[in-house]
Amino acid sequence: MVLGLAANYVLAYLPSAGTFTGNLRVSLPMIILFTVLVVLPQDRLRGAAIRTRERYRPPTVRSAAVWGLVLVAVVYLYSLLLSDGAVTTFSLGMTFAIIALSLTVLTGYAGELNLAPLAFGAVATVVAFHFGVQGSGLAARTNLQGVLLAVAAAALVGGLVALPALRLRGLYLALATMAFGEFLSNMVLRDTTEHELFGMRFTLFPDGALVVPPLEVGPLDLRDGTTSLMTATVLFALIAVGLAALRGSGYGRRLAAMKDSPAATAMLGQNLVRLKLSVFMISAAIAGLGGVLMSAATGTVAQENFSFVGSLALLMLVVVAGIGYLSGALFGGLMAGVGSAVLVSTFGDLALENEGMATVYRTLGHLVLVGTALVGMGVGRNPSGFVHDLVDGYRAIRTARPLLAGAGALGAVLYVLALTGVIGTWTFALAALCVVMLLPVVGRAYLEEGRGARPVPLELAGVDEPYTDELRVRLDRELGLKGTVHA
């Protein structure tokens, strides 16, 4: 009744000129939701009430730096195989990976939820467009000062959103961020009217879209696709190394303690309000940087680029990959920014080329759009994400050096074949993916076969093989005891 009456009063009594009244009417449910959540009485701090099956291994700064260098090298080598359009798409995926890092620090490290990470990217994009663009036409560029101001604005908005919601936890905090994201999408990103402030006339979202030119910092011009891709990759690696250092610091350990048991953390004298506010601002700043780079890589962004559904898809993919891992943010961001777009466009092209199978290919393209929800079922088997399984698989076969060397040689041969045009880029990508995924399985079989050819060490007798009479005789013989021979 409150929603219905309020919507009708807005429609009847507010000015009908412009888009403000219509946008406010659409946003009323989210405004009331946020208000109700804020005025709800605060619940008790919870302890470590339930056992979790999540198991995350935080990386050291050294390992994060080494893998960051490996990532930069791999992305550069792979970019040599791609066309200009594919490089631009890959660059877009890396910007989504940067936004996904904001979820790693907020949810993976601190245990706080944000259902609208793209909303902070939208805030940063609007600020960068109005304060960081210089020049016009093809000569227009976004300057570094505008990007820094946009990141600071995103962090400030993140703090302002978190400030009234600091009393909330769990689902209620997630709903508050969802309400903010929907309010921003329906009110700010649809505001095409002209405003006047301090004698200056401006429009937040002129013509319903923003044209964000690429960033230029000295000799570095991101209009080139490869330069944009490598810049996003290097920034992802640097932020990941910084988050690894943060996780290993005293501040990171306080975040982990707050995630495990807020009640115990408060009883140890920690200020939960300060911890939540600071981690929200860090997360919003990272999402803002990723949002500006994503908008610059896209060129022209509209309200649909920062939709709530896109934020949910990104969050779910990062959770499926492993939200407590930096590599989980990489895989989740790439799947959100590249995977669905490439697959949908591929099925669309196949539908145009094969008229008889057009309906089938279009149906497969629509199924890709709901595939994000389907892959979430994998979290039930392993809440730590598939990155955890992959890392454990490679950790188990690290002693199988001949097999690892052979896999590396095979990858090098496939790359040379793709570079010389013998095989296609898609063929190389699929073959390399199959090698990466199947290598732990083959490695375990290889190690099991090797163990079968050698006797089990005495300290593992009865552990790695059944404890039989023959094993007892062998133990007595090895230990110099008088064993009893059984018939």
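None of the values given here were measured: they were computed from a predicted structure. These values consider heavy atoms only, across backbone and side chains, with no hydrogens, waters or symmetry-generated copies.
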Quiz item: Can Val422 and Phe428 be said to form a side chain to side chain contact (heavy atoms under 4.5 Å, CB included), step by step?
Solution: CA-CA 10 Å; Val422 177; Phe428 165 74; over 6 Å; no
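- Looking only at distances, no side-chain donor or acceptor of Thr298 sits under 3.5 Å from a matching main-chain atom of Val301.
- Nearest heavy-atom pair across Val105 and Ser102 is CG1-O, 3.3 Å.
- Among all heavy-atom pairs drawn from Thr177 and Leu113, the shortest one is CG2-O, 3.9 Å.
- Of the possible polar contacts, none joining the Ser63 side chain to the Pro59 backbone as a donor-acceptor pair under 3.5 Å is found.
- Judged by distance alone, with hydrogens and angles left aside, the side-chain atoms of Asn305 form a donor-acceptor pair with the main-chain N or O of Ala302 at under 3.5 Å.
- Between Ile99 atom CD1 and Ser311 atom OG the span is 8.5 Å, to the nearest 0.5 Å.
- Interatomic distance, CD1 of Ile286 versus CE of Met281, reported as 12.5 Å (0.5 Å rounding).
- Between the side chains of Thr226 and Tyr76, not a single donor N or O lies within less than 3.5 Å of an accepting N or O.
- Put simply, the side chain of Leu330 reaches to within 4.5 Å of the side chain of Met94, judged on heavy atoms.
- The heavy-atom pair separating Ala284 from Ala155 by the smallest distance is CB-CA, 4.1 Å.
- Thr265 is not listed as a side-chain neighbour of Arg254, based on a closest heavy-atom distance of 4.5 Å or more.
- Contact detail for Ala431 and Leu414: the closest heavy-atom pair is CB-CD1, 3.9 Å.
- Shortest non-hydrogen contact noted between Tyr109 and Leu246 is CD1-CD2, 4.4 Å.
- In this structure a side-chain-to-backbone donor-acceptor pair under 3.5 Å is missing from Ser228 to Gly225.
- Side-chain contact between Leu118 and Ser307: absent, with no pair of heavy atoms (C-beta onward) separated by less than 4.5 Å.
- Here the straight-line distance linking atom OH of Tyr415 with atom CG of Leu410 works out to 15.5 Å at 0.5 Å rounding.
- Between Leu293 and Leu235 there is a side-chain heavy-atom pair separated by less than 4.5 Å.
- Looking only at side-chain heavy atoms (C-beta outward), Ile323 and Leu315 come within less than 4.5 Å of each other.
- Shown here for Pro213 and Ala296, the closest heavy-atom pair between the two residues is O-CB, 3.8 Å.
- In this structure, the side chains of Glu112 and Lys276 come closer than 4.5 Å at one or more pairs of heavy atoms.
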Self-check item: Verdict with reasoning, Met230 to Val75, per side chain to side chain contact (heavy atoms under 4.5 Å, CB included)
Solution: CA-CA 8 Å; Met230 296 312 302; Val75 169; 4.0 Å; yes
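- Leu289 contributes atom CG, which lies 12.0 Å from atom CE of Met294 (distance to the nearest 0.5 angstrom).
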Practice problem: Apply side chain to side chain contact (heavy atoms under 4.5 Å, CB included) to Leu439 and Val441, showing your working. | Solution: CA-CA 5 Å; Leu439 188 58; Val441 180; over 6 Å; no
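- A distance-only check finds a donor-acceptor pair linking the side chain of Thr89 to the backbone of Gly85 [under 3.5 Å].
- Between Leu314 and Val318 the shortest side-chain heavy-atom distance falls below 4.5 Å.
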Quiz item: Under the side chain to side chain contact (heavy atoms under 4.5 Å, CB included) criterion, do Leu317 and Phe331 qualify, and how do the steps go?
Solution: CA-CA 8 Å; Leu317 287 171; Phe331 287 116; over 6 Å; no
Exercise. Please report the C-alpha distance between Phe180 and Phe120 in whole Å, then the side-chain angles of each, then the deciding distance to 0.1 Å, and finally whether the ring pair (Phe, Tyr, Trp, His ring centres under 6.0 Å) criterion is met.
Key: CA-CA 10 Å; Phe180 164 72; Phe120 298 104; 5.3 Å; yes
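- Panel note: side chain Arg253, backbone Gly248; a donor-acceptor pair is recorded below 3.5 Å.
- For CZ of Phe131, the number of neighbouring non-hydrogen atoms (other residues, nucleotides, ligands) closer than 6.0 Å is 12 at most.
- Ile282 places a side-chain heavy atom less than 4.5 Å from the side chain of Tyr251.
- Interatomic distance, CG of Leu82 versus CZ of Phe90, reported as 7.0 Å (0.5 Å rounding).
- Atom CG of Leu103 sits about 12.5 Å away from atom CE of Met316, to the nearest 0.5 Å.
- Between the side chains of Ser91 and Thr88, no donor-acceptor pair is found at a separation under 3.5 Å.
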